[in-house]
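None of these values were measured; they are calculated from a predicted model. Chain letters run A, B, ... following the sequence lines, proteins first and then strands; every chain starts at 1.
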Number of protein chains: 2
Amino acid sequence: MAGLLRIGDVVERTGLTHRALHYYEEIGLLVPSVKLDGGMRLYTEEDLRRIDRILELRELLGLSLKEIKRILEAEEARASLLLAARREPTPESRRADLEKALAIAEDQLALIRARLKEMRALEGRLADEAQGLRDALKAS
Amino acid sequence: MAGLLRIGDVVERTGLTHRALHYYEEIGLLVPSVKLDGGMRLYTEEDLRRIDRILELRELLGLSLKEIKRILEAEEARASLLLAARREPTPESRRADLEKALAIAEDQLALIRARLKEMRALEGRLADEAQGLRDALKAS
DNA sequence: CTTGACACTTACGTAAGGGTAAGGTATACT
DNA sequence: AGTATACCTTACCCTTACGTAAGTGTCAAG
């Protein structure tokens with residue numbers, strides 16, 4: 001079947017382990033789109049995109065899996081609401097949806113900018129230290 | 001006694017909890033410089049600096065406490081070697097020490113720069129998304 | 001139809017603490 | 001010296017996010 005990946009392929013492409021994927025399924029964070037009768041999990045490309053999103057939120061923003069689950073569920077709810085609204089568009093509810101989405105995006109931006117700032121400060125200190133060491137080596 | 005802090009003060013100044021500090025002591029990562037007969041821990045300013053270093057390595061570089069412990073112990077060993085070498089300075093051993101220190105600093109720099117790159121990419125995407133949402137709101 | 005690679009479940013282990021209980025200690029006030 | 005009370009101690013169980021066996025099942029190829 002085209003485009004369906006077994007767990008080993010997903011491991012290879014994402015860097016996650018079997019155990020992590022099982023765990024994500026246990027907590028309902030990432031349920032594979034297809035499950036064979038034998039129990040085998042099959043993942044779609046969309047599942048992979050969801051994993052990338054999860055990893056971003058976890059590794060780069062440092063969110064917990066519980067928070068990530070909440071965010072992804074909110075985004076899903078919003079997406080399906082937007083689809084519904086397209087058939088029956090209420091300008092106010094659409095505005096409210098946009099505002100909620102913007103608030104989430106801005107929260108995440110603030111978070112990442114704060115982390116970036118700290119990390120740049122550390123980078124500077126480390127770079128200075130390395131330069132000092134290089135100078136000391138040259139002088140020796 | 002001047003300059004000695006009780007655990008509550010350290011909690012206040014570092015943001016760590018009592019429990020975390022006890023845990024760091026359990027695993028030998030941060031042993032308070034003074035311990036009274038009653039069991040009470042007293043921390044020095046140098047202990048605080050060590051905590052700052054620990055937090056940097058943990059939060060900004062994402063290292064495990066075990067790795068951090070290893071790094072700090074290596075740095076300490078190096079520092080005392082440098083002191084010893086000052087009394088009996090062998091140019092070669094001094095060079096070797098400097099080179100080892102430089103290698104560590106460069107490893108850390110590479111790590112942080114890789115993370116910075118990913119984070120800037122995510123920042124860009126998030127900023128674009130937020131802008132798109134703001135435009136959509138304005139147009140609504 | 002067996003074999004080897006991969007997959008599955010079950011279940012206990014680990015890291016890094018959080019929360020709370022039950023009680024000890026340091027200091028300040030009387 | 002007695003006591004209040006604020007802070008401290010140890011100790012134990014809970015949680016998150018997996019790691020690590022151990023044993024069993026499945027699937028595609030030969």
### Summary
Result for 5'-nearest mapping on DNA chain D, choosing between A:Ala20 and A:Asp37, is A:Ala20
Measure [atom1]/[X] against [atom2]/[N] and give the value in whole Å, please.
X       : N      : atom1 : atom2 : result
B:Leu36 : D:dC7  : CG    : C1'   : 13 Å
A:Lys35 : D:dG25 : NZ    : C1'   : 14 Å
B:Leu21 : D:dT9  : CG    : C1'   : 14 Å
A:His22 : D:dA21 : NE2   : C1'   : 15 Å

Hey, does [Y] have a side-chain heavy atom less than 4.5 Å from the side chain of [X]?
X       : Y       : answer
A:Leu42 : A:Lys35 : no
B:Glu46 : B:Ser33 : no
B:Ile51 : B:Leu21 : yes

### Residue whose closest nucleotide on DNA chain C lies nearer the 5' end, B:Met40 versus B:Leu65
B:Leu65
### Along DNA chain C (nearest heavy atom to each residue), the more 5'-positioned of A:Gly39 and B:Gly39
A:Gly39
### Task
Please step through salt bridge (charged side-chain N to carboxylate O under 4.0 Å, His left out) for the pair B:Arg50 and B:Glu45, ending with a clear verdict.
CA-CA 9 Å; B:Arg50 188 176 169 102; B:Glu45 291 293 329; over 6 Å; no
### Query
Are any of the side-chain nitrogens in B:Glu99 or A:Arg134 under 4.0 Å away from the carboxylate oxygens of its partner?
no
### Carboxylate-amine/guanidinium proximity below 4.0 Å for B:Arg115 and A:Glu59
no
### Message
What contact category does B:Ile7 fall into here, base, sugar-phosphate, or nothing, at under 4.0 angstrom with non-hydrogen atoms?
### Response
sugar-phosphate
### Query
Contact class for B:His18 vs. all strands (heavy atom < 4.0 Å): base, sugar-phosphate, or nothing?
sugar-phosphate
### Message
Using a 4.0 Å cut-off to any heavy atom of chain B, which nucleotides of DNA chain C are the first and last in contact, reading 5' to 3'?
### Response
C:dA15 to C:dA26
